[in-house]
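So you know, we letter chains A, B, ... as the sequences are listed, proteins then strands, and number each from 1.
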Amino acid sequence: MSIAFYNTLTRTIDEFKPLNDGEVRMYCCGPTVYDYFHIGNARSFVMSDVIRRYFEFRGYRVRYVMNITDIDDKIIRRANEQGVPSSEIANTYAEAFLQDSTRFGIRPADLYPRATETIDDIISHIEGLIEKGAAYVVDGDVFFRVSSFPEYGKLSRKKVEDLEMGARVETDARKEHPVDFALWKSAKPGEPSWDSPWGKGRPGWHIECSVMSQKHLGETFDIHAGGNDLIFPHHENEIAQSEALTGHPFARYWIHFGFLNIDNEKMSKSLGNFFTAREIVEKYPAEVIRFYYLQTHYRSPLNFTQEGLEAARTGLQKLQGVYDALAEATKGDAGFDVHTFEQRFTAAMDDDFNTPAGFGVLFEMVREANAILHGPTGMDAPSRERLRDFLHRSCVQVFGVIREESAVEASDEIVDGLMQLLIDIRTEARKEKQWALSDHIRDGLKEIGIALEDTRDGTKWKITSE
RNA sequence: GGCGACGUACCCAAGUGGCUAAGGGGACGCUCUGCAAAAGCGUUAUUCAUCGGUUCGAAUCCGAUCGUCGCCUCCA
(Lines give C-alpha, C1' and ligand atoms only; values in the text may rest on other atoms or scores of the structure.)
Protein backbone atom coordinates (compact mmCIF):
# COMPACT_ATOMS: atom_id res chain seq x y z
CA MET A 1 0.00 0.00 0.00
CA SER A 2 1.28 3.39 -0.87
CA ILE A 3 0.10 6.95 -0.91
CA ALA A 4 -1.38 8.32 -4.13
CA PHE A 5 -2.65 11.81 -4.72
CA TYR A 6 -3.74 14.22 -7.41
CA ASN A 7 -0.85 15.78 -9.23
CA THR A 8 -1.75 19.02 -10.99
CA LEU A 9 1.08 18.41 -13.45
CA THR A 10 -0.41 15.16 -14.77
CA ARG A 11 -4.05 15.84 -13.83
CA THR A 12 -4.30 12.33 -12.47
CA ILE A 13 -3.99 10.60 -9.14
CA ASP A 14 -0.40 9.40 -9.15
CA GLU A 15 1.23 6.94 -6.81
CA PHE A 16 3.82 8.75 -4.75
CA LYS A 17 7.37 7.56 -5.27
CA PRO A 18 9.85 9.78 -3.48
CA LEU A 19 13.16 10.73 -4.99
CA ASN A 20 14.95 9.20 -2.02
CA ASP A 21 13.48 6.21 -0.25
CA GLY A 22 11.59 7.04 2.90
CA GLU A 23 12.07 10.77 2.51
CA VAL A 24 9.78 13.56 1.31
CA ARG A 25 11.10 16.92 0.25
CA MET A 26 8.21 19.32 0.31
CA TYR A 27 7.82 23.03 -0.31
CA CYS A 28 4.74 25.08 0.38
CA CYS A 29 4.30 28.64 -0.84
CA GLY A 30 4.18 30.77 2.26
CA PRO A 31 2.79 34.21 2.92
CA THR A 32 3.64 37.60 1.52
CA VAL A 33 3.93 39.47 4.78
CA TYR A 34 2.05 42.70 4.20
CA ASP A 35 -0.94 41.93 6.45
CA TYR A 36 -2.34 39.29 8.78
CA PHE A 37 -3.17 36.14 6.89
CA HIS A 38 -6.84 35.25 6.47
CA ILE A 39 -8.92 32.12 6.97
CA GLY A 40 -8.45 31.14 3.33
CA ASN A 41 -4.67 31.23 3.69
CA ALA A 42 -5.12 29.35 6.93
CA ARG A 43 -6.91 26.54 5.14
CA SER A 44 -3.97 26.07 2.79
CA PHE A 45 -1.43 26.19 5.57
CA VAL A 46 -3.41 23.73 7.70
CA MET A 47 -3.92 21.33 4.81
CA SER A 48 -0.28 21.45 3.90
CA ASP A 49 0.58 20.84 7.56
CA VAL A 50 -1.72 17.82 7.70
CA ILE A 51 -0.28 16.35 4.51
CA ARG A 52 3.19 16.75 5.91
CA ARG A 53 2.13 15.08 9.16
CA TYR A 54 0.39 12.25 7.32
CA PHE A 55 3.59 11.42 5.49
CA GLU A 56 5.23 11.14 8.89
CA PHE A 57 2.36 8.96 10.13
CA ARG A 58 3.17 6.67 7.20
CA GLY A 59 6.79 6.51 8.23
CA TYR A 60 8.43 9.06 5.97
CA ARG A 61 10.97 11.59 7.06
CA VAL A 62 9.77 14.94 5.75
CA ARG A 63 11.89 17.95 5.01
CA TYR A 64 9.39 20.79 4.90
CA VAL A 65 10.26 24.28 3.73
CA MET A 66 8.00 27.30 3.61
CA ASN A 67 9.15 30.64 2.27
CA ILE A 68 8.33 34.06 3.62
CA THR A 69 8.07 36.69 0.91
CA ASP A 70 9.32 39.78 2.64
CA ILE A 71 9.88 42.09 -0.32
CA ASP A 72 7.12 42.79 -2.78
CA ASP A 73 4.96 45.53 -4.30
CA LYS A 74 2.23 45.10 -1.70
CA ILE A 75 4.67 45.40 1.17
CA ILE A 76 6.15 48.55 -0.33
CA ARG A 77 2.69 50.03 -0.88
CA ARG A 78 1.69 49.27 2.70
CA ALA A 79 4.93 50.79 3.99
CA ASN A 80 4.35 53.97 1.99
CA GLU A 81 0.79 54.26 3.28
CA GLN A 82 2.00 54.05 6.85
CA GLY A 83 5.19 56.02 6.32
CA VAL A 84 7.45 53.32 7.69
CA PRO A 85 10.29 51.31 6.13
CA SER A 86 9.09 48.25 4.22
CA SER A 87 11.36 46.07 6.35
CA GLU A 88 9.30 47.11 9.37
CA ILE A 89 6.05 46.01 7.72
CA ALA A 90 7.67 42.74 6.66
CA ASN A 91 9.08 42.01 10.10
CA THR A 92 5.85 42.83 11.88
CA TYR A 93 3.71 40.57 9.74
CA ALA A 94 6.31 37.81 9.48
CA GLU A 95 6.24 37.70 13.26
CA ALA A 96 2.43 37.70 13.24
CA PHE A 97 2.45 34.90 10.68
CA LEU A 98 4.57 32.67 12.90
CA GLN A 99 2.41 33.47 15.94
CA ASP A 100 -0.84 32.77 14.13
CA SER A 101 0.56 29.56 12.66
CA THR A 102 1.32 28.38 16.17
CA ARG A 103 -2.15 29.31 17.36
CA PHE A 104 -3.61 27.23 14.54
CA GLY A 105 -1.61 24.25 15.71
CA ILE A 106 0.49 24.32 12.53
CA ARG A 107 3.81 22.64 13.17
CA PRO A 108 6.76 24.86 12.33
CA ALA A 109 8.48 24.20 9.02
CA ASP A 110 12.04 22.91 9.12
CA LEU A 111 13.05 26.17 7.52
CA TYR A 112 11.44 29.53 6.72
CA PRO A 113 13.75 31.13 4.14
CA ARG A 114 13.15 34.79 3.38
CA ALA A 115 13.48 36.44 0.01
CA THR A 116 15.68 39.23 1.33
CA GLU A 117 18.13 36.70 2.72
CA THR A 118 18.41 34.94 -0.63
CA ILE A 119 19.25 37.89 -2.90
CA ASP A 120 22.72 36.63 -3.86
CA ASP A 121 21.35 33.28 -4.96
CA ILE A 122 18.56 34.97 -6.87
CA ILE A 123 21.05 37.17 -8.72
CA SER A 124 23.23 34.25 -9.74
CA HIS A 125 20.17 32.30 -10.87
CA ILE A 126 19.13 35.22 -13.09
CA GLU A 127 22.67 35.56 -14.44
CA GLY A 128 22.55 31.90 -15.38
CA LEU A 129 19.28 32.41 -17.24
CA ILE A 130 20.70 35.38 -19.16
CA GLU A 131 23.75 33.31 -20.16
CA LYS A 132 21.48 30.59 -21.46
CA GLY A 133 19.46 33.07 -23.49
CA ALA A 134 16.37 32.50 -21.35
CA ALA A 135 16.28 36.04 -20.02
CA TYR A 136 17.09 39.54 -21.25
CA VAL A 137 17.86 42.92 -19.74
CA VAL A 138 15.98 46.15 -20.53
CA ASP A 139 16.98 49.33 -18.66
CA GLY A 140 17.78 47.62 -15.39
CA ASP A 141 14.86 45.21 -15.55
CA VAL A 142 15.33 41.57 -16.38
CA PHE A 143 12.58 39.55 -18.07
CA PHE A 144 12.16 35.85 -18.63
CA ARG A 145 11.96 34.96 -22.32
CA VAL A 146 8.98 32.61 -22.40
CA SER A 147 9.64 31.66 -26.03
CA SER A 148 12.90 30.06 -24.89
CA PHE A 149 11.00 27.48 -22.85
CA PRO A 150 8.85 25.33 -25.16
CA GLU A 151 7.16 23.53 -22.28
CA TYR A 152 5.69 26.76 -20.92
CA GLY A 153 2.08 26.10 -19.95
CA LYS A 154 2.51 22.45 -19.03
CA LEU A 155 1.24 22.92 -15.48
CA SER A 156 -1.69 25.26 -16.10
CA ARG A 157 -2.46 23.78 -19.55
CA LYS A 158 -2.54 27.20 -21.06
CA LYS A 159 -1.38 28.09 -24.52
CA VAL A 160 0.71 31.18 -24.99
CA GLU A 161 -1.61 32.36 -27.82
CA ASP A 162 -4.66 32.15 -25.54
CA LEU A 163 -2.88 34.10 -22.87
CA GLU A 164 -2.21 36.94 -25.23
CA MET A 165 -5.82 37.14 -26.27
CA GLY A 166 -7.06 37.13 -22.72
CA ALA A 167 -4.58 39.69 -21.48
CA ARG A 168 -6.42 42.02 -19.12
CA VAL A 169 -3.58 44.25 -18.17
CA GLU A 170 -1.57 46.75 -20.14
CA THR A 171 1.62 45.02 -21.12
CA ASP A 172 5.00 46.61 -20.70
CA ALA A 173 6.02 47.62 -24.21
CA ARG A 174 9.67 46.97 -23.46
CA LYS A 175 9.00 43.25 -23.19
CA GLU A 176 9.79 41.16 -26.26
CA HIS A 177 6.58 39.27 -25.79
CA PRO A 178 3.52 40.11 -23.67
CA VAL A 179 3.75 36.91 -21.61
CA ASP A 180 7.36 37.49 -20.59
CA PHE A 181 7.59 38.24 -16.89
CA ALA A 182 9.94 40.11 -14.59
CA LEU A 183 12.80 38.35 -12.86
CA TRP A 184 14.36 41.52 -11.56
CA LYS A 185 12.75 44.92 -11.15
CA SER A 186 14.81 48.10 -11.17
CA ALA A 187 14.27 50.30 -8.14
CA LYS A 188 12.15 53.42 -8.36
CA PRO A 189 13.29 56.32 -6.16
CA GLY A 190 12.72 55.60 -2.49
CA GLU A 191 12.15 51.88 -2.95
CA PRO A 192 14.22 49.34 -1.08
CA SER A 193 16.84 47.88 -3.36
CA TRP A 194 19.87 45.65 -3.67
CA ASP A 195 22.88 46.01 -5.94
CA SER A 196 22.94 43.79 -8.96
CA PRO A 197 24.79 43.54 -12.29
CA TRP A 198 21.81 45.41 -13.80
CA GLY A 199 21.75 48.20 -11.24
CA LYS A 200 19.79 48.64 -8.05
CA GLY A 201 16.60 46.67 -7.86
CA ARG A 202 14.71 43.78 -6.28
CA PRO A 203 13.63 40.31 -7.28
CA GLY A 204 10.37 39.58 -9.09
CA TRP A 205 7.80 37.54 -7.27
CA HIS A 206 8.23 34.17 -8.94
CA ILE A 207 11.99 33.89 -8.93
CA GLU A 208 12.37 33.83 -5.18
CA CYS A 209 10.30 30.66 -4.77
CA SER A 210 12.32 28.89 -7.45
CA VAL A 211 15.58 29.85 -5.85
CA MET A 212 14.61 29.24 -2.23
CA SER A 213 13.01 25.87 -2.87
CA GLN A 214 15.94 24.60 -4.92
CA LYS A 215 18.51 26.01 -2.55
CA HIS A 216 17.09 24.08 0.39
CA LEU A 217 15.58 21.02 -1.26
CA GLY A 218 17.71 20.47 -4.36
CA GLU A 219 17.25 21.09 -8.10
CA THR A 220 14.56 18.44 -8.21
CA PHE A 221 12.39 17.81 -5.19
CA ASP A 222 9.24 15.88 -4.45
CA ILE A 223 6.26 18.08 -3.68
CA HIS A 224 5.36 21.70 -4.26
CA ALA A 225 2.10 22.87 -2.70
CA GLY A 226 0.06 26.05 -2.70
CA GLY A 227 -3.33 27.60 -3.32
CA ASN A 228 -5.26 26.93 -6.48
CA ASP A 229 -4.76 30.43 -7.76
CA LEU A 230 -1.01 30.03 -7.77
CA ILE A 231 -1.10 27.49 -10.59
CA PHE A 232 -1.00 30.36 -13.00
CA PRO A 233 1.10 32.37 -13.32
CA HIS A 234 3.17 31.77 -10.20
CA HIS A 235 3.87 28.06 -10.38
CA GLU A 236 3.98 27.98 -14.17
CA ASN A 237 6.67 30.65 -14.04
CA GLU A 238 8.56 28.87 -11.29
CA ILE A 239 8.80 25.80 -13.48
CA ALA A 240 9.98 27.81 -16.47
CA GLN A 241 12.65 29.71 -14.53
CA SER A 242 13.92 26.64 -12.77
CA GLU A 243 13.95 24.10 -15.55
CA ALA A 244 15.29 26.58 -18.10
CA LEU A 245 18.39 26.93 -15.95
CA THR A 246 18.97 23.43 -14.62
CA GLY A 247 17.61 21.37 -17.49
CA HIS A 248 16.14 19.05 -14.85
CA PRO A 249 12.58 18.65 -13.60
CA PHE A 250 11.68 21.07 -10.82
CA ALA A 251 8.97 19.73 -8.47
CA ARG A 252 7.75 16.24 -9.32
CA TYR A 253 4.31 16.46 -7.71
CA TRP A 254 2.16 19.58 -7.47
CA ILE A 255 -0.59 19.88 -4.88
CA HIS A 256 -3.11 22.72 -5.02
CA PHE A 257 -5.64 23.61 -2.37
CA GLY A 258 -9.21 24.61 -3.11
CA PHE A 259 -10.47 28.03 -2.22
CA LEU A 260 -12.42 29.05 0.80
CA ASN A 261 -15.54 31.09 0.07
CA ILE A 262 -17.86 33.04 2.28
CA ASP A 263 -21.53 32.78 1.38
CA ASN A 264 -20.41 31.23 -1.88
CA GLU A 265 -18.48 34.36 -2.76
CA LYS A 266 -14.78 34.71 -2.98
CA MET A 267 -13.54 36.36 0.17
CA SER A 268 -12.42 39.90 -0.46
CA LYS A 269 -12.01 43.08 1.48
CA SER A 270 -14.24 44.99 -0.88
CA LEU A 271 -17.17 42.62 -0.29
CA GLY A 272 -16.72 43.01 3.44
CA ASN A 273 -16.60 39.26 3.96
CA PHE A 274 -12.97 39.17 4.97
CA PHE A 275 -11.82 37.41 8.12
CA THR A 276 -8.29 37.18 9.38
CA ALA A 277 -7.14 33.89 10.84
CA ARG A 278 -6.37 35.84 13.99
CA GLU A 279 -9.96 36.96 14.59
CA ILE A 280 -11.45 33.51 14.00
CA VAL A 281 -9.03 31.76 16.31
CA GLU A 282 -10.06 34.24 19.02
CA LYS A 283 -13.63 32.93 18.75
CA TYR A 284 -13.09 29.23 18.12
CA PRO A 285 -10.48 26.77 19.35
CA ALA A 286 -7.91 25.95 16.67
CA GLU A 287 -8.95 22.28 16.89
CA VAL A 288 -12.50 23.17 15.85
CA ILE A 289 -11.33 25.25 12.90
CA ARG A 290 -8.92 22.53 11.77
CA PHE A 291 -11.65 19.90 12.04
CA TYR A 292 -13.97 22.13 10.05
CA TYR A 293 -11.39 22.50 7.29
CA LEU A 294 -10.63 18.78 7.28
CA GLN A 295 -14.24 17.75 6.84
CA THR A 296 -14.01 18.95 3.25
CA HIS A 297 -11.57 17.42 0.78
CA TYR A 298 -8.57 19.68 0.25
CA ARG A 299 -9.22 20.16 -3.47
CA SER A 300 -12.89 21.14 -3.12
CA PRO A 301 -14.05 24.63 -2.44
CA LEU A 302 -15.10 25.15 1.16
CA ASN A 303 -17.94 27.47 2.00
CA PHE A 304 -17.15 29.02 5.35
CA THR A 305 -20.12 29.59 7.65
CA GLN A 306 -20.82 30.23 11.29
CA GLU A 307 -23.24 27.27 11.39
CA GLY A 308 -20.57 25.04 9.91
CA LEU A 309 -18.15 26.01 12.65
CA GLU A 310 -20.76 25.36 15.33
CA ALA A 311 -21.51 21.94 13.84
CA ALA A 312 -17.79 21.20 13.83
CA ARG A 313 -17.54 22.21 17.48
CA THR A 314 -20.29 19.78 18.46
CA GLY A 315 -18.98 16.96 16.32
CA LEU A 316 -15.48 17.30 17.66
CA GLN A 317 -16.66 16.90 21.24
CA LYS A 318 -17.41 13.28 20.45
CA LEU A 319 -13.81 12.61 19.48
CA GLN A 320 -12.37 14.53 22.38
CA GLY A 321 -14.90 12.85 24.68
CA VAL A 322 -13.85 9.31 23.88
CA TYR A 323 -10.18 10.27 24.09
CA ASP A 324 -10.67 11.69 27.58
CA ALA A 325 -12.89 8.79 28.64
CA LEU A 326 -10.20 6.33 27.61
CA ALA A 327 -7.71 8.05 29.87
CA GLU A 328 -10.10 7.85 32.81
CA ALA A 329 -11.47 4.32 32.36
CA THR A 330 -9.97 1.79 34.75
CA LYS A 331 -11.84 -1.44 34.32
CA GLY A 332 -13.59 -3.60 31.75
CA ASP A 333 -13.09 -6.88 29.99
CA ALA A 334 -14.44 -6.71 26.42
CA GLY A 335 -11.94 -6.52 23.62
CA PHE A 336 -12.09 -4.08 20.72
CA ASP A 337 -10.52 -4.44 17.28
CA VAL A 338 -8.74 -1.19 16.50
CA HIS A 339 -6.58 -2.64 13.75
CA THR A 340 -9.33 -2.99 11.13
CA PHE A 341 -10.34 0.62 11.60
CA GLU A 342 -6.75 1.77 11.35
CA GLN A 343 -6.40 -0.08 8.05
CA ARG A 344 -9.54 1.52 6.71
CA PHE A 345 -8.41 4.92 7.92
CA THR A 346 -5.04 4.53 6.24
CA ALA A 347 -6.65 3.37 3.01
CA ALA A 348 -8.88 6.45 3.00
CA MET A 349 -6.00 8.82 3.66
CA ASP A 350 -3.67 7.10 1.19
CA ASP A 351 -6.25 7.88 -1.47
CA ASP A 352 -5.56 11.53 -2.17
CA PHE A 353 -5.52 12.52 1.51
CA ASN A 354 -9.24 11.93 1.82
CA THR A 355 -9.69 13.48 5.25
CA PRO A 356 -13.54 13.46 5.17
CA ALA A 357 -13.54 9.71 4.50
CA GLY A 358 -10.87 9.31 7.19
CA PHE A 359 -13.11 11.00 9.74
CA GLY A 360 -15.98 8.81 8.59
CA VAL A 361 -13.95 5.78 9.64
CA LEU A 362 -12.92 7.39 12.91
CA PHE A 363 -16.51 8.25 13.86
CA GLU A 364 -17.71 4.75 13.06
CA MET A 365 -14.94 3.41 15.25
CA VAL A 366 -15.79 5.80 18.06
CA ARG A 367 -19.44 4.85 18.01
CA GLU A 368 -18.63 1.17 18.35
CA ALA A 369 -15.97 1.84 20.96
CA ASN A 370 -18.30 4.00 23.05
CA ALA A 371 -20.93 1.29 23.04
CA ILE A 372 -18.42 -1.06 24.67
CA LEU A 373 -16.72 1.52 26.84
CA HIS A 374 -19.97 2.85 28.32
CA GLY A 375 -21.71 -0.51 28.18
CA PRO A 376 -22.09 -3.10 30.91
CA THR A 377 -18.80 -4.94 30.28
CA GLY A 378 -16.49 -2.01 29.68
CA MET A 379 -13.36 -2.29 27.54
CA ASP A 380 -10.26 -4.21 28.53
CA ALA A 381 -7.02 -2.38 29.19
CA PRO A 382 -5.06 -3.54 26.11
CA SER A 383 -7.87 -2.44 23.79
CA ARG A 384 -8.18 0.90 25.55
CA GLU A 385 -4.45 1.34 25.18
CA ARG A 386 -4.49 0.53 21.45
CA LEU A 387 -7.49 2.74 20.79
CA ARG A 388 -6.04 5.69 22.63
CA ASP A 389 -2.74 5.22 20.84
CA PHE A 390 -4.44 5.22 17.45
CA LEU A 391 -6.53 8.28 18.31
CA HIS A 392 -3.37 9.95 19.48
CA ARG A 393 -1.53 9.24 16.25
CA SER A 394 -4.47 10.19 14.00
CA CYS A 395 -6.28 12.98 15.79
CA VAL A 396 -3.49 14.53 17.81
CA GLN A 397 -0.43 13.96 15.67
CA VAL A 398 -1.80 14.03 12.12
CA PHE A 399 -4.93 16.16 12.31
CA GLY A 400 -4.25 18.20 15.41
CA VAL A 401 -7.94 18.23 16.28
CA ILE A 402 -7.99 16.79 19.76
CA ARG A 403 -6.14 17.90 22.82
CA GLU A 404 -3.65 15.80 24.63
CA GLU A 405 -4.88 16.90 28.02
CA SER A 406 -8.49 17.20 28.95
CA ALA A 407 -9.62 20.57 30.23
CA VAL A 408 -9.85 19.08 33.71
CA GLU A 409 -6.24 17.95 33.71
CA ALA A 410 -5.17 21.38 32.58
CA SER A 411 -6.87 23.13 35.47
CA ASP A 412 -5.07 24.11 38.64
CA GLU A 413 -5.18 22.77 42.18
CA ILE A 414 -7.42 25.46 43.58
CA VAL A 415 -10.04 24.89 40.91
CA ASP A 416 -9.79 21.15 41.44
CA GLY A 417 -10.31 21.63 45.16
CA LEU A 418 -13.29 23.92 44.71
CA MET A 419 -14.87 21.60 42.20
CA GLN A 420 -14.41 18.60 44.44
CA LEU A 421 -16.05 20.51 47.30
CA LEU A 422 -19.02 21.55 45.17
CA ILE A 423 -19.46 18.06 43.84
CA ASP A 424 -19.33 16.61 47.37
CA ILE A 425 -21.97 19.07 48.58
CA ARG A 426 -24.16 18.27 45.59
CA THR A 427 -23.73 14.53 46.09
CA GLU A 428 -24.89 14.95 49.69
CA ALA A 429 -27.87 16.96 48.51
CA ARG A 430 -28.75 14.30 45.96
CA LYS A 431 -28.63 11.61 48.62
CA GLU A 432 -31.13 13.65 50.60
CA LYS A 433 -33.16 14.09 47.41
CA GLN A 434 -32.76 17.84 47.56
CA TRP A 435 -33.18 18.19 43.81
CA ALA A 436 -33.65 21.96 43.87
CA LEU A 437 -30.25 22.49 45.49
CA SER A 438 -28.41 19.97 43.33
CA ASP A 439 -29.93 21.38 40.16
CA HIS A 440 -29.06 24.88 41.30
CA ILE A 441 -25.41 23.88 41.59
CA ARG A 442 -25.41 22.15 38.21
CA ASP A 443 -27.22 24.98 36.42
CA GLY A 444 -25.03 27.61 38.02
CA LEU A 445 -21.86 25.84 36.96
CA LYS A 446 -23.21 25.38 33.47
CA GLU A 447 -23.64 29.11 33.17
CA ILE A 448 -19.98 29.70 33.87
CA GLY A 449 -18.98 27.00 31.40
CA ILE A 450 -18.58 23.90 33.56
CA ALA A 451 -20.67 20.82 32.80
CA LEU A 452 -21.47 18.17 35.40
CA GLU A 453 -22.21 14.59 34.39
CA ASP A 454 -23.56 12.06 36.87
CA THR A 455 -22.17 8.68 35.84
CA ARG A 456 -22.22 5.34 37.56
CA ASP A 457 -18.67 6.05 38.67
CA GLY A 458 -19.65 9.31 40.32
CA THR A 459 -20.01 12.87 39.16
CA LYS A 460 -17.56 14.16 36.54
CA TRP A 461 -16.96 17.73 35.49
CA LYS A 462 -15.48 19.38 32.47
CA ILE A 463 -14.96 22.81 31.07
CA THR A 464 -17.16 23.37 28.04
CA SER A 465 -16.30 26.89 26.94
CA GLU A 466 -13.00 28.31 25.85
C1' G B 1 -13.77 34.95 -25.69
C1' G B 2 -10.20 30.76 -23.77
C1' C B 3 -9.39 26.99 -19.88
C1' G B 4 -11.21 24.30 -15.69
C1' A B 5 -14.18 22.60 -11.42
C1' C B 6 -18.79 21.45 -9.37
C1' G B 7 -24.45 20.37 -8.58
C1' U B 8 -25.59 13.70 -3.47
C1' A B 9 -31.02 14.24 2.56
C1' C B 10 -33.14 20.06 6.36
C1' C B 11 -27.44 21.80 6.53
C1' C B 12 -22.25 20.10 5.73
C1' A B 13 -19.92 16.06 3.13
C1' A B 14 -17.52 11.03 1.27
C1' G B 15 -18.49 7.74 -2.59
C1' U B 16 -16.61 8.17 -9.64
C1' G B 17 -19.20 1.35 -13.27
C1' G B 18 -22.14 -3.94 -9.48
C1' C B 19 -22.72 -5.72 -1.99
C1' U B 20 -28.07 -2.00 2.53
C1' A B 21 -25.66 5.65 -1.24
C1' A B 22 -20.06 6.49 4.43
C1' G B 23 -19.60 10.10 8.22
C1' G B 24 -20.73 14.84 11.00
C1' G B 25 -24.54 18.54 12.43
C1' G B 26 -29.86 19.26 13.12
C1' A B 27 -34.78 17.22 14.17
C1' C B 28 -37.98 13.47 16.27
C1' G B 29 -38.70 8.78 19.18
C1' C B 30 -36.50 5.26 22.66
C1' U B 31 -32.79 3.08 26.54
C1' C B 32 -30.11 4.83 30.78
C1' U B 33 -30.94 8.92 34.61
C1' G B 34 -34.38 11.88 40.47
C1' C B 35 -34.30 15.22 36.23
C1' A B 36 -30.31 16.19 33.09
C1' A B 37 -25.69 15.41 30.67
C1' A B 38 -22.71 11.85 28.37
C1' A B 39 -23.19 7.35 25.66
C1' G B 40 -26.07 3.95 22.78
C1' C B 41 -30.28 2.38 19.65
C1' G B 42 -33.96 3.80 15.93
C1' U B 43 -36.24 7.19 12.22
C1' U B 44 -34.87 11.31 8.71
C1' A B 45 -32.11 9.93 0.11
C1' U B 46 -36.27 3.39 -3.55
C1' U B 47 -32.40 7.93 -4.98
C1' C B 48 -27.66 11.29 -6.50
C1' A B 49 -29.69 19.14 -10.90
C1' U B 50 -32.77 17.83 -15.52
C1' C B 51 -33.37 15.13 -20.10
C1' G B 52 -31.46 11.61 -23.41
C1' G B 53 -27.61 7.75 -24.61
C1' U B 54 -23.82 3.59 -23.74
C1' U B 55 -24.06 -0.96 -20.62
C1' C B 56 -26.60 -7.20 -18.26
C1' G B 57 -25.92 -3.12 -14.63
C1' A B 58 -24.76 4.26 -13.97
C1' A B 59 -24.78 8.93 -8.53
C1' U B 60 -20.40 7.11 -11.10
C1' C B 61 -19.04 6.75 -18.47
C1' C B 62 -20.90 9.90 -23.03
C1' G B 63 -24.02 14.05 -25.01
C1' A B 64 -27.35 18.11 -24.30
C1' U B 65 -29.83 21.56 -21.05
C1' C B 66 -30.25 24.43 -16.56
C1' G B 67 -27.59 26.34 -12.31
C1' U B 68 -23.15 27.65 -9.24
C1' C B 69 -18.04 28.78 -8.90
C1' G B 70 -12.79 29.52 -10.11
C1' C B 71 -8.42 30.88 -13.27
C1' C B 72 -6.74 33.72 -17.73
C1' U B 73 0.39 38.39 -15.21
C1' C B 74 1.86 39.05 -9.09
C1' C B 75 -5.13 36.94 -4.74
C1' A B 76 -3.68 30.79 -0.73
Side-chain angles (χ1 to χ4, degrees), chain A residues 11 28-32 37-45 47-48 69 72-74 153 156-159 161-172 175 178-182 204-206 225-234 236-237 256-261 264-269 291-292 295-297 299-303 305 307-308 310-319 321-322 325 344 348 351 354-364 366-375 430 433-435 438-439 442-443 446 451-456 459-460 462 464:
Chain A
R11 307 277 162 127
C28 179
C29 279
T32 299
F37 68 88
H38 55 68
I39 56 175
N41 302 110
R43 182 189 185 198
S44 292
F45 298 147
M47 287 314 312
S48 191
T69 298
D72 158 274
D73 289 350
K74 291 193 293 287
S156 59
R157 309 270 162 125
K158 288 182 190 303
K159 298 189 190 79
E161 309 90 78
D162 295 342
L163 291 169
E164 272 181 84
M165 288 171 65
R168 296 189 304 190
V169 172
E170 282 294 310
T171 54
D172 187 334
K175 291 198 284 191
V179 298
D180 291 352
F181 54 90
W205 179 38
H206 316 296
N228 232 331
D229 58 331
L230 295 182
I231 295 173
F232 189 87
H234 187 54
E236 193 69 63
N237 290 354
H256 290 98
F257 305 111
F259 257 55
L260 180 149
N261 299 316
N264 290 313
E265 294 279 348
K266 185 170 169 173
M267 179 165 53
S268 76
K269 283 182 179 166
F291 177 57
Y292 183 45
Q295 276 184 295
T296 298
H297 187 86
R299 285 194 280 123
S300 302
L302 181 138
N303 195 36
T305 63
E307 304 77 62
E310 288 299 338
R313 190 208 286 276
T314 312
L316 193 54
Q317 280 170 3
K318 191 170 257 185
L319 287 177
V322 71
R344 288 176 56 204
D351 181 12
N354 194 335
T355 54
F359 275 110
V361 175
L362 292 179
F363 275 101
E364 261 186 73
V366 165
R367 188 181 62 227
E368 290 185 23
N370 271 329
I372 296 173
L373 203 58
H374 297 279
R430 291 178 69 221
K433 297 199 193 302
Q434 295 181 35
W435 308 130
S438 53
D439 288 352
R442 189 172 61 195
D443 294 344
K446 192 178 179 183
L452 291 189
E453 293 172 15
D454 298 324
T455 73
R456 68 167 68 102
T459 299
K460 290 179 178 158
K462 64 180 177 187
T464 54

For B:rC30, the Watson-Crick or wobble partner whose two distances fall under 3.5 Å: B:rG40

Side-chain N or O of A:N370 closer than 4.0 Å to phosphate OP1/OP2 of B:rA39: no

For B:rC48, the Watson-Crick or wobble counterpart (both distances under 3.5 Å): none

Any N/O donor-acceptor pair, A:D439 side-chain to B:rG34 base, under 3.5 Å: yes

Separation of B:rU73 P from A:K158 NZ (nearest whole Å): 8 Å

Complementary nucleotide for B:rG67 - Watson-Crick or wobble, under 3.5 Å: B:rC6

Atom pair distance, as rounded to whole Å: CH2 in A:W205 and C1' in B:rU73: 9 Å

Paired nucleotide for B:rC35 [Watson-Crick or G-U wobble; both distances under 3.5 Å]: none

Any residue meeting ring pair (Phe, Tyr, Trp, His ring centres under 6.0 Å) with A:F291, in chain and number order, not counting sequence neighbours: A:F359

Side chain to side chain donor-acceptor pair (under 3.5 Å) involving A:D73 - partner list, sequence neighbours excluded: A:K185, A:R202

Nucleotide forming a Watson-Crick or wobble pair with B:rG23, both distances under 3.5 Å: B:rC12

Sugar-phosphate only, base, or nothing, as touched by A:E307 at under 4.0 Å among non-hydrogen atoms: nothing

Mate of B:rC74 where both pairing distances stay under 3.5 Å, Watson-Crick or G-U: none

Separation of atom CG in A:L302 from atom P in B:rG7, rounded to whole Å: 15 Å

Any strand: nucleotide that pairs with B:rC56 via Watson-Crick or wobble, under 3.5 Å: B:rG18

Whole-Å distance separating the CD atom of A:E453 from the C1' atom of B:rU33: 12 Å

